[in-house]
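Below, chains carry the letters A, B, ... as their sequence lines are ordered, and counting in each starts from 1.
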Amino acid sequence: MVTFLLAAPWPSLQAQSNGVLTVAPPARLAIKRDATAELSLKAELQAGFHVNSNSPGDDYLIPLKLTWNKEPLEAEQVNYPKPQMEKLGFSPNPVSVYTGTFEIVTRFKAPPTASPGMAFMNGKLRYQACNNKECLPPRTVDVRVTLDIQ
Amino acid sequence: MLWSGCSKATQKTAAQNSKFEQAPDFKLQDANGQAVRLSDYRGKVVLLDFWATWCGPCKIEIPWFMDFEKEFKDRGFAVLGVSMDEEGWKVVKPYVASMKMNYRVLLGNDEVSGKYGGLDSLPTTLLIDRQGRIASKHIGITGGKEDFKNAIVELLDAHSAGGYVPARGALALLTSPK
């Protein structure tokens, strides 16, 4: 089983944005059938804002969550970056957040029965952003990756 | 900005001042399923707070509003908290209980959000005078507890003075810079 980490020089799509978070166009992902490959998704937050991490440590806070469709690849694992622990005015304990630019890496597996050729993998990145004075409603950014299944 | 031209308004009552918008009426349900209209509160000064359980800055203000409810409710004042949580009462009720919120909480919807300009940021807090007019709008935390308190007292005192005569300071502090 071979793992590829590709950073193709050409973007597959336009950057996707919804509110204060923008997702850079993901690289085209080449993957062999019955193999795995990793895709890095780069997100950028508007200055002054933070989003809760994937595990904010407070049941009421909305976590960052990247989800993928079940086909044509299987998303085996989503790895979120290490969060920052920020002391915010509303919480006695530091809150786990992301700021600035961060990357989420997904490990995909191509089923042995996958059809070779070009295909697309669609996902959604849900987030909820705040600054130190206000919060924005939860939003979702649609993500689309171009696949080259070999 | 609602308070542009504030210094000129100091010589006018709210009734005379065309800049005061009427707060849009709405009908929402409280935690007991009882229908509540904003217009039910006509004659009272109302602090209308749009908030959500996932909103950290909202959590800072809630204890302030609980104090105001306790201190001023006998003077014709009420706090109305409108939760904009999409998940509804299943998340709002436990939160209200954990915070020991002593004022009435309603569940918001898209209709009320639209009436109040979309509510793109929370908290969004309005002070509404006894005639149901918006005296100030506060988006995010732009002031402190004392600023709110001074503005509430000013609105409450206006009743006994026979009309609303805003001072140059306190209420303007609550106006969002947006």
Run the numbers on A:I62 and B:E86 for side chain to side chain contact (heavy atoms under 4.5 Å, CB included), then give the verdict. CA-CA 12 Å; A:I62 295 172; B:E86 290 178 355; over 6 Å; no

Spacing of B:K59 atom NZ and A:L88 atom CG [to the nearest 0.5 Å]: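 Rounded to the nearest 0.5 Å, the NZ-CG separation comes to 11.0 Å.
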
Do other residues, nucleotides or ligands put more than 12 heavy atoms under 6.0 Å from the [atom1] atom of [X]?
{"X": "A:K87", "atom1": "NZ", "answer": "yes"}
{"X": "A:E86", "atom1": "CD", "answer": "yes"}
{"X": "B:R37", "atom1": "CZ", "answer": "no"}
{"X": "B:K70", "atom1": "NZ", "answer": "no"}

For chain A, which residues from residues 100-120 of chain B lie under 4.5 Å away (heavy-atom distances)?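 If one takes a 4.5 Å heavy-atom cut-off, the residues of residues 100-120 of chain B near chain A are B:L119, B:D120.
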
Work out which heavy atom in [X] is nearest to a heavy atom in [Y]; give both atom names and the distance.
{"X": "A:P138", "Y": "B:W54", "result": "CD-CZ2, 3.6 Å"}
{"X": "B:S121", "Y": "A:L136", "result": "OG-CD2, 3.7 Å"}
{"X": "A:E134", "Y": "B:P123", "result": "CA-CD, 4.4 Å"}

Are the side chains of A:C135 and B:P57 in contact, using a 4.5 Å heavy-atom criterion?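 Yes, their side chains come closer than 4.5 Å.
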
Determine yes or no for a side-chain-to-main-chain donor-acceptor pair under 3.5 angstrom, with B:Y95 supplying the side chain and A:Y60 the backbone.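 Checked: no pair found.
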
By a 4.5 Å heavy-atom criterion (distance strictly below it), what part of A:D59 contacts chain B: side chain, backbone, both, or neither?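 A:D59 has no heavy atom closer than 4.5 Å to chain B.
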
